[in-house]
Amino acid sequence: MNQDLLVVSGLNKTFSFKNKGVKHENHAVKDVSFAIKPGEVFGLVGESGSGKSTIANLLMNLESVDSGEITFNGVTIADSKAQNSFPYGDIQVVFQDPRSSLDPRMTIRQIIEEPLRFLSGAKKTELGNSSDVVRLIQAVGLREEHLDRRPHQFSGGQRQRVAIARALITRPKLVVLDEPTSALDISVQAQVINLLKSLQSEFGLTYLFISHNMGVVKYLCDRVGVLNQGELVELASNEDIFNRPTHPYTKKLLSSVPSMFKEMESQ
Amino acid sequence: MLRLIRARLAMLVIVLFGVSIITFLMAHVLPGDPTTALAGPHPSQETLNSIRAQFGLDKPLPAQYLSYLSDLFHGDLGTSIRSQQPVTHEMLAFFPATLELVLVAFIVAIAFGIPLGVLAAVKKNSFSDYIIRFFAVGGVSVPLFWGGLVMILIFYAKLGWLPSSGRLDIELNSPESVTGFYTIDTLIAGDKEAFINVLKHLVMPALALGYVQLAFIVRQVRSSMLDALSQDYYLTGRANGLGKRFLVVRYALRNALIPSITIIGLSFGSLLGGAVVTETVFDWPGMGKYVTDSILGRDFPAIMGFTVVIALAYVIINLLVDLLVYSLDPQTRK
Amino acid sequence: MSELVLDIKDLSLSFLTSGTPVSILKSVELQIAAGEIVGLVGESGSGKSVTALAISKLLPTQITTFSSGSIYFNGMDILTSSEESVAQLRGKKIGFVFQEPMTALNPTMTIGKQLFHVIRRHSDLSKEQAQAKVRAALEEVLIAKPEIVENQYPFQLSGGMRQRVVIAMAMSANPALLIADEPTTALDVTVQAEILNLIGKLAKVHGTAVLLISHDLGVIANTCSKVTVLYAGEVVETGKVSDVLRTPLHPYTQALVKSLPDIAARGSSLETIAGEFPDLRKRPEGCIYAPRCPKKFDKCSESPVLMKVDNEHSVACWAQGSRSSS
Amino acid sequence: MLKSIKQLVKNRFTGGAFISLCVIAFIAIFSPLLTPYSPIDTKPEDRLLAPGHLHYFGTDELGRDIFSRILAGTRISVGIALFAILLAAFVGTFIGSFSGFIGRWIDQVIMRSTDVLLAFPTLVLALALSAALGPSIVNAALAIAIVKLPIYMRLARTQALSISQTLYVKSARTFGVKSGWIVRRHIVPNLLTPIVIQISLDIGDAILLIATLGFLGLGAQPPTPEWGAMISTGWNYLIDQWWYPTFTGAAIFITVMAFNIIGDGIRDLLDPKAGE
C-alpha cells in the first residue's frame, strides 16, 4: 500500500495586514508541495517566519487555502473552493507549549475525551463508545488516578503526554507534531521522543514532525523538507539532507547548528 | 500623526452621535418624560396635548430626533422649565465656576497622586506602602457628599477656620469677570484680600472633590509602577550599573505613565460628575448645583443639557489623552 | 593558572517562597580566569540563573538568605561587601546579557539613549565623546548602519539585533567578567551562531572572562573551554568541555549526553532519567541524584564532595571516587 | 476556594475587612430582628434626641431611631448594589464574550456602543438615567446596572479574545468543535476569574452610587431607610445634631471600605501578576 496518505500540491497562503494605512502582503507559503507515506515520519524544518506553522494550520483546517490542494487518503480535504468536509478525528495535532494546550479548568479525563465528542459519520461508528482513556493514559506513561486531576498539578513533560493521549483518542491516521519538544528540558524531551516512537509502532501512526531543532529531526525523521521564507528549498531522505545537503540554505542551517562532537574534533 | 487624529476624530463623531441618541432616548422616550412633570397634578387631556404640541412631542420619533439633533448642532440645549431661559446660556454662566473647582481638584489629585503612587510602588510592602494604600482605599470608599459634610462639621462648625459655602464672602464684591475664574480675576484686579478669601473658599470643596480622584490615581500609578519595575529592562539597567533612583524616574516612571494617563483622563471626567455633589454640599454656584436644583424642580431639559455638555467635555478629554499617549509611547507611532 | 577573575566557594542560598525556605543552591564551586569562557549547564530548576544573579547581588534581598560560601570577584568577596561597592562593579566590571532580547530594552527610549546612559555612567566622557562611543559600541557588535539604529526604538529591531545592543551595553565599559544567561535560547539557529561567535570574539579581543549559561550542550561544546554541570542546585561535575562531554563521569551528565537526539543512532531509543525532580523544600540527605541514579549504592546516603579525578576534571559521585586514585 | 479564604483572613490588612464584611452580611440578612425600634414608625415627641442608652445614634426629625434605620439601610444598599452589579456582570459577560469570540463587524458594533456608554462619567449617566426613569430605588439600581454594563462587556471581550488565542481553543477547533461548545466549555469558564475580581471591586462603588443618587433625591423615596436619602434630609441638621448625618455616612464609608479592601485582597490572590 504505497498510496500516499497525505499529498500537498502547490500550496499558497498570503496574509495581508494594514500598517500605517499601507496594505502589506506576507506571502507566508509559496507553492509548497510534498507527500507523506503511511507509517512515515516526515520532517518539516525551518526557522521562525519560514511558514512551517502556517502549513500546519492549513493542514488542520484552521486557515483557508489561497490556492493549491491537500488530499488525504485520496480525498480532497482542502483547496481554494473551501466546501470540503474535513476528516476530523483522522488528523490530530500536538502543539509546542504544554502550558497553554490544556484547558486549566478541565480534568485530564475531560481533556482527553474532548475530541470524541464531535466525531461524525464513519469515524464515530468505527470507534463506537469504547473510550479507551485508561489504556491511553497508561500508554503515555501516566497512571489512571491522574485522570481526575487538573493540568496545573503536572510538569511540562507530563502535560505534553496528556496532549499526546488526547491526539490518539480518535485513533488518527496522521498526527501533526508542531514543535512538541521545544519547550521541554533535555531529559524530558528524550522521554517524549521515546514515547512518540513507541506509540508510532503500537498504533501504526504517521507523523508530520515540524521543528527548528535539527538534532531531533535528524533522530526522528525518515524524510525532511527544508523551508526558507515560505519556500520548500530542499526535500530529501534523512541521509541526503544531513550528509549531502545540496541547497545553500540547508548547508548554512546545518553549519549553524552547534552540534556536540563536530566542533570538538577541530578544537 | 495625522492619520491617528483623523481616526480619533471619526471615532469622536460616532461617539457623539451615540451620545445624542442616548440622551434623546432618555429625554423623550423613557416614562418620566417632561410633559407629566410640567402638566402639574392630574392634568386634563387637553393640557397634556397642548404641552406635548408645544414641545413638539406629538411628531413621530425620528422627526423629533432630527429636530433635537439640529438644536444640539446649533448649541441649543432646549429651554429650562424652571427659568424658561435657554439651558445653554445658564450652562455658560455657571461653567467657569465648575471648571475652576474641578481644575484645582485635578491639580491637587495629580500633584499628590503620582508621587504617592510611585513611592508606594518603590517601597512595596514597607510601612509607608501600607499607609498610602490604606489612605487610597479610604479615598475610593468615602462617599463624596459625606466627606464634604464631615469637613464642614470640623473646619467650619467646630473650628471655624474655613467658610462652608459660596466662592467668596458676601460682603466682598465679586471681581470683574475676565476669565470667570475668581482666583485669576481677583489677581488681575489686584484685590489681595479677595484673592485670599477665594482661596479659603476653594480649600474644602477642592479637597473633598480631589481626594477621591487622588485615591484612584495613587492606586493606578502604584500598580503600573509595580508592573514597570518588574520588567526585564529594569533588571538590565540595574545589571548595567544604572542607579536605582535614575532607573525609577527615567525608565520605570515613563513606562508606567502611559497606562496611567488614560486613567487620569477618566478621573478628570468623573471630577465633572462629582462636582454635582460637591457643589451641592458647599453651595458652590456652578453647573453641578444647577443640576441638583433642576433635579429637585424636575427641570428635565436642564438635566439633559448638563449630561450632553459633560459627555462632550469627556470625549474631548479622551481625545487629548490619546494624543498625549501617542507622543509618549513610540509604539503607537509605528 | 592565570589569576582568577571569579572564584565562587561553597555557595549555598535559599529563597523564602510563600513562607517556607526553599534551598536553591548547595555548596556551589565555580572558578573563571581572565580570557576563559566557562559554561554552566543544567536543566530548569538547576539554579544556573540564580548563581549568575548572585554574582552581582541582583537577587531580591527580602527573600534571599545566603547560608554559606563566598563569591570572590578579583579578590573582593561580593557577599560581605557593601551594596555601594558592589553597585560600582555592575556594568563596569561585570557585564550581563539576559535571555529575552524582546524585553531586555526599554520600549519607550531609543537604542542610542539607553547605550548613552550606560556609557556615561561608567566613564567621565563628555556628552559628545559618549555619543561617539555609542556609535563605536554598536559597530563593535557588527551592527550595520549604527547611525540609523541609534535613533530607532527596540520594537523596530529583530531579536538578534536587540541582543547585539544588549551585548554592546554589557561590554561598553570593557568589564573583566561577562555573564551571558541563555543569550541565544530565544533566537533562531543561524542568528544564534552569529551571536555566539560575537561573544567569543569580543572575549578574546578584550581578554574578558565569560560565564555562559545554557541548557543546550551543543552551545556549550561549541563555545566554552570548561564546563560545570548543575543538578538541583548542586555541582555534579566540572572540567574541560572535551573531557566532561566526551567522557562524562557523573551518571547525570552521562544520562544528559546520551539523551541528546543529535548524536544518538536513529534506531536506538534515547536514554532517559527515571523519577521526578527533587522537592527542594526539604533537600534530601546524601547525594541529591541518588533517587534517580542507576549506580546508587549504600555510600550514596552520604553527601558526595567534589573530588578531583585528574588535574582539571572533578566529579561529585562516590561510584566514580572509589574507582579513581584520589 | 477554602484555601483562598484562609489566605484572605490570614493577611492582617484584609482580615479586619473580612470580619466586618461578615458582620455587615449578618446585619443585612437579620436586620428586622436586630433593630431595637421600627425603622419606619414616627414618634414626634422623641424628635432629634442625642445619642444615649435608649437611642444609640439618637433620633431623626420624625423621632425615628437612627440606629435602627441604619441597620435596615444595610439590607437595601448592599442588596441593591449586589443586584445591579450581578445583573451588569451577567449580561455584560454574555454579550462581551460572544462579541470577543465571534469578532468581525458584530464586535465592532458592540465595542463602539460600549465606547458611547463610557463617554459619560459614571455618576452623570446614572444621574440622567434615574432622572429619566423616574426617581425610585429600583430605577436607581437599573441605572447603575446600565452604567456598569460596558465595563463588563469590555472586560469579557478582551478576555474572550485572549482565551480564543490559546492553544487549547486552537486544539478544540482541530477536533471540529462547534463555536457554541468552545464558548460554553472553554471561553466562559476561563473568563470567570477576571469577572469575579471585577465584581468584588465594583460592589463598593455601586453602594456609593446608590447612596449618592439617594442623596440627590433620585434613589429611594421617604420613608425608606436608604442611607443616601437619610443623609439628604439629615444634612440640614448638621450643625446642631451633627451625629445624625455623620453616623449614617460613616456606615456607608465602613461598608464600602470593607468591600474594597476585600476586593483588593481577592484581586491580589486570584490574579498573581497584579499582586506581585
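So that the names make sense, note that chain A is the first sequence line, chain B the second, and so on, each numbered from 1.
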*Report the C-alpha separation of L238(D) and Y156(B) in whole Å, then their side-chain angles, then the decisive distance to 0.1 Å, and conclude whether the side-chain contact (heavy atoms from CB on, under 4.5 Å) test is met.*
CA-CA 11 Å; L238(D) 178 63; Y156(B) 170 73; over 6 Å; no
*What do the steps show when you test F306(B) against V124(D) for side-chain contact (heavy atoms from CB on, under 4.5 Å), and what is the final call?*
CA-CA 9 Å; F306(B) 170 80; V124(D) 171; 4.0 Å; yes
*Taking only residues two or more places apart in sequence or in another chain, which ones pass side-chain contact (heavy atoms from CB on, under 4.5 Å) with L320(B)?*
none
*If you tally heavy-atom pairs under 4.5 Å against chain D, which of A157(B), G138(B), S270(B) wins?*
G138(B)
_With sequence neighbours excluded, residues passing salt bridge (charged side-chain N to carboxylate O under 4.0 Å, His left out) with D322(B)_ = R8(B)
*Heavy-atom proximity to chain B below 4.5 Å, by part of T212(D)*: both
*For I295(B), is it the side chain, the backbone, both or neither that has a heavy atom under 4.5 Å from a heavy atom of chain D?*
side chain
_Nearest heavy-atom neighbours spanning F145(B) and I252(D)_ = CZ-CD1, 4.1 Å
*Interchain contact, V291(B) with chain D, by part (heavy-atom threshold 4.5 Å)*: side chain
*asked:* Just so I know, are the side chains of Y314(B) and L118(D) near enough to count as touching, which here means a heavy-atom distance under 4.5 Å?
replied: no
*For the pair D264(D) and R219(B), find out whether any cationic side-chain nitrogen is under 4.0 Å from an anionic carboxylate oxygen.*
yes
*Would you give the length of the straight line joining atom OG of S130(D) to atom CD1 of I303(B), rounded to the nearest 0.5 angstrom?*
10.0 Å
*asked:* One pair to check against side-chain contact (heavy atoms from CB on, under 4.5 Å): F120(D) and I310(B). What are the steps and the verdict?
replied: CA-CA 7 Å; F120(D) 299 84; I310(B) 296 294; over 6 Å; no
*Where is the tightest heavy-atom contact between G269(B) and P121(D), given as atom of each residue plus distance?*
O-CG, 3.4 Å
*Side chain from CB out, backbone as N, CA, C, O: work out which of these in I22(B) comes under 4.5 Å of a heavy atom of chain D, or both, or neither.*
side chain
*asked:* For a 4.5 angstrom cut-off between non-hydrogen side-chain atoms, does L149(B) reach I231(D)?
replied: yes
*Are F253(D) and W146(B) close enough that some pair of their side-chain heavy atoms sits under 4.5 Å apart?*
yes
*Examine whether an atom of I207(D) lies under 4.5 Å from a heavy atom of chain B, and if so say whether it belongs to the side chain, the backbone or both; otherwise answer neither.*
neither
*Based on non-hydrogen pairs under 4.5 Å, which of S113(D), A211(D), A258(D), G204(D) is most in contact with chain B?*
A211(D)
*OH/Y65(B): more than 12 non-hydrogen atoms of other groups inside 6.0 Å*: yes
*In terms of heavy-atom proximity below 4.5 Å to chain D, should T292(B) be classed as side chain, backbone, both, or neither?*
side chain
*Heavy-atom pair of closest approach, residues T280(B) and W235(D)*: O-CH2, 3.5 Å
*Do you know which of I254(D), L127(D), I239(D) has the most heavy-atom pairs under 4.5 Å to chain B?*
L127(D)
_Heavy-atom cut-off 4.5 Å, strictly under: side chain, backbone, both or neither for F134(B) against chain D?_
both
*asked:* Taking the side chain as everything from C-beta on, heavy atoms only, tell me whether L216(D) gets closer than 4.5 Å to V276(B).
replied: yes
*Using a cut-off of under 4.5 Å on heavy-atom pairs, state which of N318(B), L266(B), V140(B), V315(B) scores highest against chain D.*
V140(B)
*Looking only at heavy atoms, which two atoms of W242(D) and L153(B) are closest? And how far apart?*
CB-CD1, 3.3 Å
_Do V142(B) and L208(D) have side chains that approach each other closer than 4.5 Å (heavy atoms only, starting at C-beta)?_
no
*CZ (F17(B)) with more than 12 external heavy atoms under 6.0 Å*: no
*Which heavy-atom pair separates G273(B) from L123(D) by the least distance, and what is that distance?*
O-CD2, 3.4 Å
_Atom of P143(B), atom of G249(D) and distance for their closest heavy-atom approach_ = CG-O, 4.4 Å
